[in-house]
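Step one of this worksheet: look at the structure below.
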Amino acid sequence: MIIQNVGLDSSARFAFQSHAHTDHFVSGEVIFATKATKYLSHLRKGGFYREVEFGKTFYIGDFKAKLYPAGHMLGSTGIKLWLENGTLFYTGDTKWFKLRTAEKSRFPRADFLIIEATFGVPSFTFPSPREAEKKLVAFVEEALERGKRPTLYVNQMGKAQEVMKILDVHGITVRPSREMLKVARVYSKFGVSFGNISKEGDVVLRSYRSPRIGDSLSPWELTVSGFGGLKLSNHADFWELMKIVERVKPEKIFTVYGFAWEFARILRGLGYDALPIERATDLDLLGIL
Ligand SMILES: [Zn+2]
């Protein structure tokens, strides 16, 4: 989305990058992001980043702006912009409930809301992170008791570190991939440390992209994802998205990513003024801001 040379997870002269997942990478003269997002992004790409802290007022292009933790992964953030005719909040990828390795999310009041809709239909109802954690630990402990080697398929950045931290808290050692280790080292710089990494670790962590994921999984393999076998997600489920909408109390909602069309239709059914948009949308051209 672009508004007057300011890109929201879109490339533009002044680009805001909400977090360090590659599908949110942007380019621009200056990229505004948190320090953690800058460090994590630099594992994979270059670019001139300007670090911005949560809760501090700054200017991006012509707009006053402020960042609010999004709770999706370390450093992930939403942004509030003060436009001529009202305030706008863009969530980025977001999570209502607190994860162990991400900052606790916060959501401001705003007149316009751009909200992610990755899981924007009610069939996506996830257990709370604590419930999902119990299931994960039970799965791993049962495998180990039976002398099996549990293998978890995870996103290498964000989810892998969340799972590593959960297992650390429960005294279980892990064998992550090299990429997951690189990311974990950056997490450690920001105070999220891991004391359970070992070449002989009890639990093997593999990437979603690993070729084996296409094959049928053995009883001791598990995909950790909102779409997978264990629904420990770093995205808001449908009900978390609804809580965010109620907190922000917007007059107008734009939905983006995933189930954007379906989520906007549901919101309209509930009496909200809601419209799905594409990532490349120029909000000036819509003429409604
Ligand atoms: Zn993401």
Side-chain angles (χ1 to χ4, degrees), residues 1-84 86-96 98-99 101-116 157-158 161 183 185-192 234-236 244 247-248 250 254 256-257 279 281 283-284 289:
M1 294 68 64
I2 299 172
I3 319 167
Q4 295 177 29
N5 292 324
V6 173
L8 303 176
D9 280 339
S10 293
S11 295
R13 191 164 162 215
F14 306 104
F16 162 74
Q17 187 187 321
S18 64
H19 65 291
H21 282 149
T22 51
D23 56 336
H24 289 256
F25 278 1
V26 293
S27 55
E29 261 175 45
V30 191
I31 303 169
F32 293 75
T34 62
K35 190 174 188 173
T37 294
K38 170 181 149 175
Y39 279 37
L40 290 166
S41 299
H42 277 167
L43 292 175
R44 299 226 176 120
K45 79 188 267 277
F48 178 72
Y49 282 81
R50 195 181 130 191
E51 293 170 17
V52 188
E53 286 177 38
F54 295 122
K56 288 230 168 112
T57 300
F58 65 103
Y59 280 83
I60 179 166
D62 292 333
F63 303 123
K64 188 174 118 176
K66 202 186 262 193
L67 302 188
Y68 293 79
H72 171 68
M73 64 175 285
L74 183 76
S76 66
T77 183
I79 186 170
K80 182 171 177 177
L81 297 177
W82 277 258
L83 310 178
E84 266 178 32
T87 52
L88 177 138
F89 183 65
Y90 166 58
T91 62
D93 285 352
T94 195
K95 180 84 183 161
W96 176 270
K98 171 81 174 80
L99 297 173
T101 57
E103 301 85 354
K104 182 166 173 26
S105 58
R106 288 181 52 217
F107 303 94
R109 265 272 305 125
D111 301 313
F112 307 105
L113 171 65
I114 304 175
I115 187 166
E116 67 130 325
M157 186 182 281
Q161 292 69 36
V183 176
R185 264 185 226 121
V186 177
Y187 270 60
S188 302
K189 286 195 179 111
F190 291 87
V192 183
N234 51 3
H235 283 273
I244 295 166
R247 174 65 61 87
V248 176
F254 302 99
V256 66
Y257 315 132
R279 181 172 176 170
T281 301
L283 287 158
D284 293 327
L289 283 183

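None of the values given here were measured: they were computed from a predicted structure. Computed over heavy atoms, backbone and side chain alike; hydrogens, waters and symmetry mates excluded. Index from 1, following the sequence.
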Set of salt bridge (Lys or Arg N to Asp or Glu O under 4.0 Å) partners for Arg13, sequence neighbours left out: Glu29
Within the 6.0 Å centroid threshold, strictly below: Tyr257 and His24: yes
Which residues share a side chain to side chain donor-acceptor pair (under 3.5 Å) with Tyr187, sequence neighbours left out: none
With Thr101, which residues qualify under side chain to side chain donor-acceptor pair (under 3.5 Å), at least two apart? Glu162
Listed by chain and number, what are the side-chain contact (heavy atoms from CB on, under 4.5 Å) partners of Ser10, not counting sequence neighbours? Ile2, Arg279
Qualifying side chain to side chain donor-acceptor pair (under 3.5 Å) pairs, either residue in residues 103-115, two or more places apart: Thr87-Asp111
Taking side chain to side chain donor-acceptor pair (under 3.5 Å) as the cut-off, I'd like each qualifying pair that reaches into residues 54-71, sequence neighbours left out, listed once. Glu53-Lys56
Residue pairs, two or more places apart or on separate chains, that pass salt bridge (Lys or Arg N to Asp or Glu O under 4.0 Å) and touch residues 71-84: none
Does the Thr34 side chain pair with the main chain of Gly75, one donor and one acceptor, at a distance under 3.5 Å? yes
By side-chain contact (heavy atoms from CB on, under 4.5 Å), which residues pair with Val52, not counting sequence neighbours? Phe32, Phe58, Leu67
Sorted by chain and residue number, the side-chain contact (heavy atoms from CB on, under 4.5 Å) partners of Ser188 (sequence neighbours excluded) come out as Phe194
Under the ring-ring contact (aromatic ring centres under 6.0 Å, His included) rule, collect the residues that match up with Tyr49, sequence neighbours excluded. His42
Qualifying residues under side-chain contact (heavy atoms from CB on, under 4.5 Å), relative to Ser27, sequence neighbours excluded: Ser11
For Ser76 and Thr37 the tightest heavy-atom approach is N-OG1, 4.4 Å
Listed by chain and number, what are the ring-ring contact (aromatic ring centres under 6.0 Å, His included) partners of Phe63, not counting sequence neighbours? none
